[in-house]
Amino acid sequence: MDHSPATEPAPVLNFIEQIIEEHNLSGKYGGRVHTRFPPEPNGYLHIGHAKSICLNYGLAEKYHGKFNLRFDDTNPVTEDTEYVDAIREDVQWLGARWDDREFYASNYFDQLYAAAVQLIKNGKAYVDDSTAEQIAEMKGTPTKAGIDSPYRNRSIAENLSLFEQMKNGDFEEGTCTLRARIDMASPNMHLRDPIIYRIKKAHHHRTGDQWCIYPMYDFAHGISDSIEGITHSICTLEFEVHRPLYDWILAELGNYQPQQIEFARLNLNYTVMSKRYLKRLVTEGYVKGWDDPRMPTVCGLRRRGYTAEAIREFARRVGVAKRENVIDLSLLEFCVREHLNKTAPRVMAVLDPLLLTISNYPENHTEWLAAENNPESPESGTRQLPFSQTLYIERDDFMENPPKKYFRLYPGGMVRLKNAYIIRCDEVLKDASGKVIELRCSYIPESKSGEDTSGISVKGTIHWVSVAHALSAELRAYDRLFKDEDPMAKDNFLDSLNPDSLTVSKIWVEPSLSNTQAGDRFQFIRKGYYCTDQDSQPGQLVFNQTVGLKDSWAKETNKR
RNA sequence: UGACCGAUGGUGUAACGGUAGCACUGCAGAUUUUGGUUCUGCCUGUCCAGGUUCGAAUCCUGGUCGGUCAACCA
């Protein structure tokens, strides 16, 4: 038998880490790791971007490398500083740090232009006067080779002069483009003389009206990576077929060459994950904005009460691979619960009140009871809770004809009021329609929480608030935005919208919440995790439901 | 009728020629002044067919299925 000391469990590396470690071993990048997150500022970041940020930043951190934030702003007609600001805030909030390395593809417009000129001089690029339709026509199809443009063999001098005229604004938009001269018969469509510069007489949010030609993604991206000394240029799977072009451009230019690596983007069931569709939800008013708590955007999740820690943990748990995947929403929820369970202070809130009067408790008397702030972290201390004769309890914590295993209140039954006394339900009062409107109970004076000498043990503990002391508040409860696991499988994803994704109600919360600030997170005991919304004000409190607690009783009742 | 990529429980992800493991979900139980947490146990998997090998999730061949590619978007 081998009794050698237990070996460390082999660290589990994802395939990108394996590539990096191979590079570190071979010395390909001199042991350097430098990643980047390259958003286009034309929309808000979503949880899929968060995965990418965590991946890129996490790799830089793990290998003691660097991480750049680079805005891929090569299309001035769709981009805006509003998005730049929002993206910067989200990346920062997620915990990624880019120090002074905040870059813009537009910073490189001069270098990009020079690179294009060099390509022309090398006979590797030409100005094409064909229309967009003609170019598409000559491009062929995935199964049919393309044909050469009639402008493909212009002289270098002519191309140089034409390209300069393009830059000078001598031509109208759409009249010509600069194309890389590669291979119109390539099985890879992206190598069939891709357009690398086009004319756009648009105002750019950073360079203003300085340029009227703008580089295309394929041309700008690799060169930007190269300029910044990126080692591992990580992107999603659909760019796999772009990699030969990425490599071709840098090789033709003789420039430093990062390694592009593609991984499978994150998909979540019951949600859509494309900027285009998220934008429609916002602009067409199906949600209240990019930060609507039902949105899978980073700002939406933040407003919903998700923590950056939870999102990072989620990104870690979903893993990195090349296989298409759909992650269960339950994993995301698990990650927030896990973090909030450890960190969120417990408070009592009654969401659907039922009046309860304690007949044998002195009228107009207030007793202050100590309540633990968080049993998961004793150092979080205790607070004082007002108790009195008249309380609200949760309506579904009472049943007139309880099923087996129901251990809340019922006529003649006993429960403990959390942090207070054990009570017995003596009488049920109803209105004319038969609806229960009040419970008359008696309490056991010796059963006070923490000093119970009654000897009575009860199965159930329920939460409550004192009517005279409770604060009313608005609750915004959320359900999934879409009814179907894959809304995109519908002809129109809007048909899948869940009409009940938002429920607003009036609730009662304990008075310690009077000064809560936007972003504060709580566990409403026995209910779920909630956070104070930015719309909240003293006297007009507003809470968002982040996620419910696991509810095994609900499962039990559903089985019936 | 092309090229490229991929395929391991319900969902993800490991195992790198040597006992298919982990997490989420689900189920059962213990503990509990939250039907929460925590703890324990259980269910469920290598796309198919050949081949190489003492031995294949892993290597080879051929299928099947899924994804991507024909924007002057990124």
Side-chain angles (χ1 to χ4, degrees), chain A residues 10 12-14 18 38-40 42-43 72-75 77-79 105 128 130-132 135-137 139-146 173-179 186-190 192 195-200 213-214 216-218 220-221 235-244 262 264 269 275-276 317-335 337-338 341-342 346 348 372 375-376 405-408 415-420 422 447 449-450 452 457-463 523-528 548-557:
Chain A
V12 175
L13 302 181
N14 63 48
Q18 289 180 24
E40 183 189 12
N42 69 345
D72 217 334
D73 55 350
T74 56
N75 185 2
V77 308
T78 58
E79 297 155 5
D128 193 330
S130 306
T131 63
I135 288 177
E137 181 67 26
K139 200 140 207 162
T141 70
T143 56
K144 197 184 88 206
E173 272 185 34
T175 54
C176 57
T177 55
L178 183 71
R179 293 230 255 166
S186 170
N188 183 338
M189 298 290 292
H190 296 277
R192 319 241 268 227
I195 293 171
I196 58 177
Y197 257 98
R198 78 295 211 184
I199 299 169
K200 273 192 192 295
I213 56 172
Y214 292 92
M216 297 286 286
Y217 165 85
D218 284 305
H221 201 87
C235 60
T236 46
L237 250 30
E238 67 268 28
F239 291 101
E240 209 151 19
V241 283
H242 294 240
R243 181 162 20 100
E262 311 86 12
N269 54 12
K275 266 197 268 187
R276 184 175 149 219
R317 283 176 182 256
V318 297
V320 183
K322 298 191 72 158
R323 145 172 52 161
E324 297 288 335
N325 61 80
V326 182
I327 307 293
D328 253 51
L329 208 50
S330 63
L331 181 63
L332 219 209
E333 296 182 339
F334 169 83
C335 293
R337 286 199 192 99
E338 184 185 46
N341 175 51
K342 294 194 186 82
R346 272 56 170 172
M348 294 217 267
E372 219 176 0
E376 299 295 317
K405 291 200 282 184
Y406 181 84
F407 43 83
R408 278 116 96 152
V415 293
R416 173 174 292 281
L417 294 172
K418 176 80 179 169
N419 296 126
I422 293 174
S447 67
S449 196
D452 185 347
S457 78
V458 292
K459 197 86 162 119
T461 299
I462 64 173
H463 60 276
Q523 182 195 101
F524 289 178
I525 284 187
R526 300 208 307 134
K527 283 295 169 186
L549 249 29
K550 281 216 302 203
D551 188 349
S552 48
W553 175 246
K555 280 179 194 161
E556 187 70 25
T557 53

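Protein chains get the first letters and strands the later ones, always in sequence-line order, with residue 1 at the start of each. No experiment lies behind these values; they were computed from the predicted model shown.
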With respect to the phosphate group of [N], does any side-chain polar atom (N or O) of [X] fall under 4.0 Å of OP1 or OP2?
X	N	answer
A:Lys555	B:rG26	yes
A:Lys550	B:rU37	yes
A:Arg276	B:rC73	no
A:Arg526	B:rG35	yes
A:Ser552	B:rG36	yes
A:Arg416	B:rU32	no

Note to self: Closest-nucleotide mapping onto RNA chain B: is A:Val241 or A:Asn42 further toward the 5' terminus? I mean the 5' end.
What the structure shows: A:Val241
Using the [atom1] atom as the point on both nucleotides, what is the distance between [M] and [N], in whole Å?
N	M	atom1	result
B:rC16	B:rU31	P	42 Å
B:rC60	B:rG6	P	12 Å
B:rU58	B:rA15	P	14 Å
B:rU44	B:rU11	P	16 Å
B:rC43	B:rG36	C1'	25 Å

Does [X] contact [N] through a side-chain donor or acceptor facing the base, at a distance under 3.5 Å?
X	N	value
A:Glu324	B:rG12	no
A:Ser449	B:rU33	yes
A:Arg346	B:rU34	yes
A:Arg408	B:rG35	yes
A:Gln523	B:rU34	yes

Next item on the list: Go through the steps for A:Ser186 and A:Asn188 under the test side-chain hydrogen bond (donor to acceptor under 3.5 Å, both in side chains), then give the verdict.
Entry: CA-CA 5 Å; A:Ser186 170; A:Asn188 183 338; 5.4 Å; no
Next item on the list: Specify the separation, in whole Å, of atom CD1 of A:Ile195 and atom P of B:rA71.
Entry: 9 Å
Check: With both distances under 3.5 angstrom, what nucleotide forms a Watson-Crick or G-U wobble pair with B:rG26?
Finding: B:rC42
Would you indicate what [X] reaches in the nucleic acid, counting non-hydrogen atoms under 4.0 angstrom: base, sugar-phosphate, or nothing?
X	value
A:Val77	nothing
A:Phe524	nothing
A:Ala321	sugar-phosphate
A:Asn188	nothing
A:Lys200	sugar-phosphate
A:Tyr214	nothing
A:Thr74	sugar-phosphate
A:Glu173	nothing
A:Pro375	base
A:His190	sugar-phosphate
A:Gly460	nothing
A:Glu262	nothing
A:Arg317	sugar-phosphate
A:Asn419	base

Between [X] and [Y], is there a side-chain N and carboxylate O pair less than 4.0 Å apart?
X	Y	answer
A:Glu338	A:Arg317	yes
A:Arg416	A:Asp452	yes
A:Arg198	A:Glu173	no
A:Glu262	A:Lys322	yes

Per [X] side chain, nearest of listed nucleotides [options]:
X	options	result
A:Asn325	B:rU34, B:rG12, B:rC72	B:rG12
A:Asp328	B:rU68, B:rU11, B:rU34	B:rU11
A:Asn75	B:rC73, B:rG36, B:rU68	B:rC73

Check: Side-chain contact, heavy-atom cut-off 4.5 Å: A:Leu178 with A:Ile195?
Finding: no
Margin query: Can you tell me if A:Glu137 has over 12 outside heavy atoms packed within less than 6.0 Å of its CD?
Written below: no
Check: Where do A:His221 and A:Asp72 land on the side-chain hydrogen bond (donor to acceptor under 3.5 Å, both in side chains) test, with the steps shown first?
Finding: CA-CA 8 Å; A:His221 201 87; A:Asp72 217 334; 2.7 Å; yes
